[in-house]
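Inspection log for the structure reproduced underneath, given as structure tokens.
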Amino acid sequence: MAQLKVKVQARKAATQIKGSCLFMDLEKSRGATSREILNRNRDKCLHKAVSSQSSKWRSQDRNTDTISSKTSLGGLSPQEQAPLENSDGLLCPHSGVGKAGSSTGPVRQSLIKAERLPVVRTIPELSTGFGPGARFHSVKVWIPSHSPHPGRRPCVQPAVTAHLVLPPRRIPSATLLEPESRTLDSAPRSTKRSQPAKDRKWLGRGRGFLSYAPRRRSLLGPTALVLVAGASWPSPAASDEKSLKPPQKVEVSIIDDDFTLKWNGSQESIRNVTFSADYITSEMDNWIKLPGCQHITGSKCNFSSLDINFYENITLRIRAEEEKHTSLWYHTDTFIPFEKAHLGPPEVRLEAEDKAIIIYFFRPGRKDDTSIWDMDTTSFSFSLIFWENSAHTEQQIETDHYMDKIYNLSPETTYCLKAKARLPLQNRSGVYSPVYCINTTVEHKPPAPENIEVGTQNQSYVLKWDYEDRNVTFRAQWLYAFSKLIPGDNLDKWKQISNCENVRTTYCVFPQNIFLKGTYFLRVQASDGNNTSFWSKEKKVNTEMYYTIFPPDISMKSTSDSLRVFVTAPKEPWNRFHPFIYEIIFWENTSNTERKIIAKEMDIAIPNLQPLRLYCVKARWHLLEDERNKTSAFSAAVCEQTKPGTFSTMWIVIGILPLLVIVICVMKILQRCLNYVFFPALKLPCSIDENFSEHSFGNLLLSTSEEQTEKCFIIENTQSVIIAEQTNEIDEDCKKYDPQTSQDSGNYSYEGETLESQISEELLQQKVLSPGMIS
Amino acid sequence: MIPKYSRLVCFVGLFIRHIQSQDCTLLNVHVSTVTKENVRLLSSMSNPFPLRCLRDIKAFGLPQNIVSYSQPVERDIKEVFYDITIQALHIFSRHTSNFAGKEEYLTQIKSELAEQREYLKQCLKEDKKEDKDTQEMKTHEVQHLEVQVIQKSKLALRGYFKRIENYLKDKKYSYCAWKIVQAEIKRCFVYFLEFTKLLGGNKVYF
């Protein structure tokens with residue numbers, strides 16, 4: 001007996017589901033998408049209360065049939081399998097028993113009610129509608145939503161949905177077609193079908209189990225649900241004598257814009273068996289009939305007229321038909337047409353001259369912009385094999401342009417070539433075109449000019465060429481280089497150079513401002529009045545190479561043993577793409593030896609220089625392009641002296657330090673002397689101080705020329721000391737000494753002593769001092 | 001003196017050898033300079049923007065992410081800029097009779113784009129050569145898978161340019177359609193320039 005095994009597990013370890021409200025529904029749909037089904041369900045089932053304990057399920061819609069009081073946890077028995085239906089054939093998610101579902105509308109069958117994950121259920125073959133080869137089933141897992149009302153746990157939102165295409169018998173695998181998980185009220189997004197690449201890879205065909213991880217967050221929060229479904233059909237019964245076998249070995253082949261579907265028809269080719277195909281892209285919801293592949297009798301069909309986006313996923317399905325019976329669908333792998341396409345041969349058109357052949361290429365695919373290769377038009381490159389018909393020595397030529405010329409051929413000879421198109425940056429290579437041959441013409445008079453050269457003179461270009469005959473006039477034309485990247489005849493794109501029209505000399509001069517910055521092709525033609533020659537070989541000219549470039553500006557920074565040189569970049573209108581290098585020449589001012597440095601950076605350092613020397617530097621640019629080498633003039637020399645070396649500075653520092661020390665010491669000594677002389681620290685003894693003056697002696701040397709006068713004290717022999725003034729030859733001011741009025745500090749007044757001792761002492765002193773006066 | 005001189009000669013020799021190959025290390029500088037120049041040209045073309053064209057504005061869905069995580073970021077940047085260069089060149093190369101701007105601006109833009117395309121193509125070719133040298137023989141299957149992964153971000157870019165082209169076709173290459181497409185391509189350049197600056201982070205690139 002065939003069976004379907006469905007396993008629901010949580011990403012993390014076994015999870016308890018609150019409310020034990022985990023459902024799995026297996027639903028069969030016929031073309032209606034799951035979104036449609038879900039929306040309809042939402043309208044009906046939104047407010048169901050599901051009790052975790054009771055097995056009674058109530059539906060708000062009273063039109064339902066009786067509800068069984070038992071819940072079935074295992075596989076459904078045939079009686080239980082019948083779903084509970086509303087009047088319009090829809091079901092609400094609950095397990096139970098009801099009327100047998102009709103096979104016309106979408107049939108839903110509840111399978112399981114569980115409390116805890118992981119859950120595995122095996123579904124036996126239930127009805128004719130569900131079994132091997134069944135078309136489109138969805139397995140939905142419904143889990144409780146966190147509703148604010150604890151009593152009500154509506155189990156309405158499917159957390160995980162998977163669509164299964166059950167395989168026909170004998171192929172024990174199921175294809176998980178469109179895994180998606182979303183909540184009910186979210187609109188489908190355009191990216192809903194694009195699974196991350198790694199998820200996609202899990203969906204490889206194979207036996208047994210398929211799994212995927214839902215991208216949206218489930219209602220269980222961080223533990224995402226994983227749905228694993230697989231089918232096994234152990235013994236394919238041979239009981240579908242009436243159903244056709246679907247086509248085998250279906251292949252899609254895309255070469256350029258030619259889309260072909262090929263298959264192996266059923267073995268009974270006698271019967272009137274036709275085949276039809278559908279397609280679906282990631283942007284569409286429904287399968288659409290594939291144009292050009294309906295009721296085909298052969299074994300391949302062409303659907304090139306399909307107008308789709310070549311860069312989107314697409315899936316095809318095909319089945320066999322015979323009168324009223326159809327086989328099961330065979331689904332191809334999902335693919336992106338652009339990736340699957342192969343390059344076909346390019347188209348080649350040849351034109352012969354006498355010594356050259358012009359080749360016009362057309363890229364593979366349709367010429368207009370509906371081709372699959374249209375967007376890569378400018379990326380094509382062509383490689384061709386070219387040989388002379390009799391010689392058989394082959395020459396391989398590669399070109400990027402849609403028009404190319406092969407020169408230096410002999411007249412009246414047959415040449416052949418075959419070409420293939422390549423998209424080198426996508427690693428795509430096409431097949432070779434058929435061989436094309438052409439005869440070159442007889443030698444043509446007048447001959448074409450040769451050896452075109454371009455030079456500059458002042459502010460003009462000088463175009464020169466070689467020519468033998470003298471009696472001809474010439475004219476020159478130019479073309480934008482990018483015109484060759486677009487297919488088509490460029491005859492109208494060549495423009496005249498006005499100064500080079502009907503010139504008799506083998507050169508012509510035209511101003512530089514005719515050509516804006518860019519790359520151009522130039523060609524010259526001779527005319528002798530009646531006949532014109534073929535065009536000369538085209539010369540590619542990049543105008544930047546001919547602009548005069550000004551020398552760079554230099555600035556320098558010096559350290560003690562190196563110089564850093566800063567150079568400015570070439571100014572506009574220089575081409576940024578062409579590499580340029582600097583040549584720097586430096587020398588020491590006194591010597592004559594010059595040294596050269598070539599650098600790419602704009603900031604270089606010249607190392608290993610002598611300190612305290614004068615170095616001079618001059619620089620110029622070198623610009624490189626293919627064959628040409630463009631050099632600017634040298635800039636003016638800039639000189640800079642290197643700083644003194646660290647060695648001598650060290651000595652200077654060493655020398656300065658002791659000097660400083662000495663200076664400090666000397667300063668200190670001087671200061672001490674000064675202090676000593678002018679601000680002495682020592683004090684005079686108090687007696688001298690008293691005798692002489694109140695003025696401190698500190699100011700003795702610095703005082704003015706005011707004469708110091710001595711005070712004179714005359715002490716009389718009385719009880720009270722009376723100081724009398726003497727007015728004869730003593731020219732000193734005497735002062736009355738009065739202890740009360742004395743200004744003397746308390747240090748020197750002895751108020752406690754007896755007066756007599758004082759007086760006697762004073763008298764003695766007076767006698768000693770002025771013996772002459774007493775006598 | 002002699003050892004110093006020989007050192008300089010070696011120095012020079014190294015540089016000459018390096019100079020002969022395509023200079024792709026300064027790619028970021030070149031590409032950003034050229035792209036800015038193109039943006040400037042497009043800006044000068046699109047001023048003033050006629051108000052009557054505002055009703056034709058359409059959202060083209062510029063793809064936000066160009067990084068594919070399967071190869072170095074610089075490679076992604078090169079490929080993206082190559083793609084937008086050739087697509088922009090493609091758009092500006094056809095049906096330009098109604099082109100909304102001066103002829104010389106158009107040729108200048110095409111000229112710049114062609115140069116940039118050439119340059120990036122050479123750089124990418126060199127990268128591919130390096131790939132071949134460093135890796136052993138790949139089986140066809142592996143190659144196919146790689147192509148698949150790379151294409152995801154590029155497919156989005158292709159889809160974007162396809163929408164622009166379809167828009168131009170639908171509007172029959174009218175003056176307003178061209179104005180809007182110019183503004184959109186300018187926006188695309190600016191966006192990717194900023195994006196690559198963000199990717200570069202603190203590096204000296206971009």
Side-chain angles (χ1 to χ4, degrees), chain A residues 190 194 196-197 200-201 309-313 335-336 338-340 369-370 374-379 381 400 424-428 480-486 488 516-520 542-544 569 572 575-583 593 595-600 606-608 622 624, chain B residues 1 4-5 7-9 11-12 15-16 18-23 25-26 29-31 33-34 37 79 82-83 85-87 89-90 93-94 104 107-108 110-119 121 124-125 128 143-144 146-152 154-159 161-162 165 169:
Chain A
S190 61
S194 52
R200 267 277 166 99
K201 282 181 192 161
N309 186 346
F310 302 117
Y311 307 103
E312 291 271 352
N313 287 322
F335 62 95
I336 297 177
F338 185 70
E339 284 177 3
K340 216 172 168 67
D369 51 7
T370 57
D374 177 53
M375 296 190 95
D376 293 286
T377 304
T378 50
S379 301
S381 86
D400 267 11
L425 295 172
Q426 295 174 28
N427 280 336
R428 279 196 224 250
Y480 286 113
F482 58 74
S483 302
K484 291 208 169 189
L485 296 175
I486 312 290
L516 297 170
K517 184 175 51 147
T519 310
Y520 300 86
N542 187 353
T543 51
E544 273 109 352
E572 285 282 327
N575 183 8
R576 283 82 34 161
F577 291 119
H578 289 115
F580 52 84
I581 53 172
Y582 297 98
E583 185 188 329
T593 48
R595 281 187 278 170
K596 201 187 331 189
I597 293 184
I598 295 186
K600 273 166 77 165
I606 308 176
N608 302 328
H622 280 289
L624 314 163
Chain B
M1 193 57 127
K4 258 193 238 176
Y5 200 75
R7 219 183 301 159
L8 274 172
V9 166
F11 209 48
V12 166
F15 270 122
I16 283 183
H18 189 72
I19 286 153
Q20 279 165 359
S21 70
Q22 175 83 1
D23 187 12
T25 50
L26 290 177
V29 172
H30 291 152
V31 167
T33 319
V34 171
E37 176 73 20
E79 288 182 354
Y82 179 76
D83 234 9
T85 306
I86 59 173
Q87 299 305 329
L89 187 57
H90 193 236
S93 294
R94 299 178 314 171
E104 54 191 54
T107 50
Q108 216 172 330
K110 285 201 281 189
S111 203
E112 302 258 1
L113 288 172
E115 296 257 13
Q116 188 169 1
R117 168 198 164 274
E118 191 60 41
Y119 179 75
K121 190 168 172 173
L124 284 169
K125 261 191 192 164
K128 285 226 155 29
Q143 242 176 1
H144 180 67
E146 257 198 37
V147 167
Q148 240 178 1
V149 173
I150 290 171
Q151 300 273 23
K152 285 260 177 358
K154 289 217 278 185
L155 289 174
L157 201 59
R158 285 287 169 99
F161 278 104
K162 192 75 187 169
E165 286 186 14
K169 225 197 300 186

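Side chains included, hydrogens not; waters and symmetry mates left out as well; all remaining heavy atoms used. Chain A is the first sequence line, chain B the second, and so forth, proteins listed ahead of strands; every chain is numbered from 1.
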Hey, are the side chains of [X] and [Y] touching, using non-hydrogen atoms and a 4.5 Å cut-off?
X	Y	result
B/Lys110	A/Tyr480	no
B/Glu118	A/Thr519	no
A/Leu425	B/Glu79	no

- Where on A/Leu485 is there a heavy atom nearer than 4.5 Å to chain B: the side chain, the backbone, both, or neither? side chain
- Message: I'd like to verify something: which residue of B/Ser111, B/Gly159, B/Ala114 has the highest number of heavy-atom pairs under 4.5 Å with chain A?
- Response: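 When all of B/Ser111, B/Gly159, B/Ala114 are compared, B/Ser111 has the most.
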- Message: Please report the interatomic distance CG(A/Asp376) to CD1(B/Ile86), rounded to the nearest 0.5 Å.
- Response: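 Taking CG in A/Asp376 and CD1 in B/Ile86, the distance rounds to 6.0 Å.
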- Task: To the nearest 0.5 Å, tell me how far B/Lys121 NZ sits from A/Thr378 OG1.
- Result: 8.0 Å
- Task: Please flag which part of B/Leu89 lies under 4.5 Å from any non-hydrogen atom of chain A: side chain, backbone, both or neither.
- Result: side chain
- Message: According to ring pair (Phe, Tyr, Trp, His ring centres under 6.0 Å), who are the partners of B/Tyr82, at least two apart in sequence or on a separate chain?
- Response: none
- Please report the shortest heavy-atom distance between B/Thr107 and A/Phe482, naming the atom on each side.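 That would be O-CE2, 3.7 Å.
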- Please name the pair of heavy atoms, one in B/Arg158 and one in A/Met375, separated by the smallest distance, quoted to 0.1 Å.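 Scanning both residues completely, I find the closest heavy atoms to be O-CE, 3.5 Å.
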- Task: Under 4.5 Å, counting heavy-atom pairs only, tell me which of A/Asp374, A/Asp400, A/Asn309 racks up the most with chain B.
- Result: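 Highest number of heavy-atom pairs under 4.5 Å: A/Asp374.
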- Going through the checks in order, is the salt bridge (Lys or Arg N to Asp or Glu O under 4.0 Å) test met by A/Asp369 and B/Lys162? CA-CA 10 Å; A/Asp369 51 7; B/Lys162 192 75 187 169; over 6 Å; no
- Under 3.5 Å donor-acceptor, B/Glu115 side chain and A/Gly518 backbone: no
